[in-house]
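Below is one structure, written out as structure tokens; comments come after it.
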There are 2 protein chains.
Amino acid sequence: MSDETAPPRAEPTLAAWELPLVLLGALRAHLDESHRRLAERGHPDTRPVHGFTLQAVGAGATATEVAGRLGVSKQAAAKTLGLLEQQGYVERAVDATDARRKVVRPTERGRDFLRQSVAVFEEIRAEWADRVGAERLEALHRDLWVLGADSARRLDLQSWLG
Amino acid sequence: MSDETAPPRAEPTLAAWELPLVLLGALRAHLDESHRRLAERGHPDTRPVHGFTLQAVGAGATATEVAGRLGVSKQAAAKTLGLLEQQGYVERAVDATDARRKVVRPTERGRDFLRQSVAVFEEIRAEWADRVGAERLEALHRDLWVLGADSARRLDLQSWLG
DNA sequence: TCCCTATAGTCAATGTGGTTGACGAAAACA
DNA sequence: TGTTTTCGTCAACCACATTGACTATAGGGA
């Protein structure tokens, strides 16, 4: 996709120290664009962590389960879930068969957020396919999957970086 | 996740919603492995944010310049730089030509950290090339560069995700 | 020269999100 | 039944970011 007569910075430098930066750059581009579009579709004020958490809730889960999936303490998960509840994305109900459990379920608004997320992700994927080629994007996806397969599936991003 | 006779998790699913996750997974794998090796080479207790900050310092910069490069407030940058100074990675000196400016420079230890980082990054890149193929890795690097070219070069990861 | 403005760095207060520890209520098990 | 485990929550604390206010220095005109 890089023609010779292109504007400056048309060619990446391919130094080894750039790898994490281009990974971060692409991730950031994806998430920033995702949330820009989600904001346009009725979900402003949501951040990546909300999407991850809602994804962890799935069709319904307890705070402790969500905590396990996110790799954070149950207190931290409960806090985030409380915020999502306050914003109308999830609702809590006491489990009928176990009075200790409080099952968190996405509301209609929460399900809409997840549907919109899928749609937006598909849009972005299609646009990325246009930019680098469908085959290249598929190879990229597959290779990244392989390279990151070992890494923990945790989403405790903030504490991880600090 | 239902592949036929294949070993578990042999084939990525290639769903659009997985793209950010595989990006994150690869980034995480890279940074975790980097810091694991840096710890072995005399730099334990360093985190990605330290490497980014040290990189932002370069040969020498003021706290405000570092803040600009990292995309954070000057107070936040000053705090991180204070920590790096305390750990012996940078030192501060008042600018001879401008008594307001305090120039931050990497110490020998700081320069060693950067050298070791480069070495480790090259090792990891070589290993990744083994795993997916040198050509594929080069294509991946190039494509990621293209896809992330628009995104802000900021490194304010923590606040960005939250 | 003197003032006015802009810049560099720091201090203080605040917000957010994470942690650990402790606890009561409910379930599961011996 | 009594003991142990699990779920959710409260409280205290910590790490890291923010904004606003402040001092000190530099620089550019009247």
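Within 6.0 Å of atom CD in B/E135, 12 or fewer heavy atoms from other residues, nucleotides or ligands are found, so the atom counts as exposed in its surroundings.
The residue B/T64 sits close only to the backbone: its heavy atoms come under 4.0 Å of sugar-phosphate atoms, none of a base. At the heavy-atom level, B/T62 lies under 4.0 Å from the strands shown only through sugar-phosphate atoms. Residue-level contact check: A/K102 touches the backbone only, with heavy atoms under 4.0 Å from sugar-phosphate atoms and none from bases.
For the OP1/OP2 pair of C/dG18 and a distance below 4.0 Å, the side-chain nitrogens and oxygens of A/S73 include no atom meeting the criterion. The side chain of A/R92 places an N or O atom within less than 4.0 Å of a non-bridging phosphate oxygen (OP1 or OP2) of D/dT9.
A straight line from CZ of B/R100 to P of C/dT7 spans 9 Å, rounded to a whole angstrom. Rounded to an integer number of Å, the gap from CD of B/E65 to P of C/dA8 is 8 Å. In this structure, A/L70 atom CG and C/dG17 atom P are separated by 13 Å, rounded to whole Å. We find that NZ of B/K79 is positioned 13 Å from P of C/dT10, with the value rounded to whole Å. Computed from coordinates, the A/D45 CG to C/dT16 C1' distance equals 15 Å when rounded to whole Å. Atom CG in A/L83 sits about 14 Å away from atom P in D/dT9, given to the nearest Å. Counting to the nearest Å, the C1' atom of D/dA15 and the CG atom of B/L81 are 16 Å from each other. As a whole-Å value, the separation of B/D95 CG from C/dA8 P is 11 Å.
A salt bridge links B/R36 and B/E33; the closest N-O separation between the charged side-chain nitrogens and carboxylate oxygens is under 4.0 Å. In summary, B/E108 and B/R111 engage in a salt bridge, as defined by a charged side-chain N under 4.0 Å from a carboxylate O.
The base of C/dG21 sits within donor-acceptor range of the side chain of A/Q75, with an N or O pair under 3.5 Å. If you check distances only, the side chain of B/K74 does reach the base of C/dG9 with a donor-acceptor pair under 3.5 Å.
In the set D/dA17, D/dC7, C/dT19, the nucleotide with an atom closest to the side chain of B/A76 is D/dA17.
At distances below 3.5 Å, not a single donor-acceptor pair connects side-chain atoms of B/R41 with backbone N or O atoms of B/Q116.
Nearest-nucleotide assignment on DNA chain C puts the 5′-proximal partner with A/A77, out of A/A77 and A/A99. Residues A/T80 and A/T97 both approach DNA chain C. Their nearest nucleotides, taken by heavy-atom distance, put A/T80 toward the 5′ side.
The side-chain heavy atoms of A/T46 and A/Q87, taken from C-beta on, include no pair separated by under 4.5 Å.
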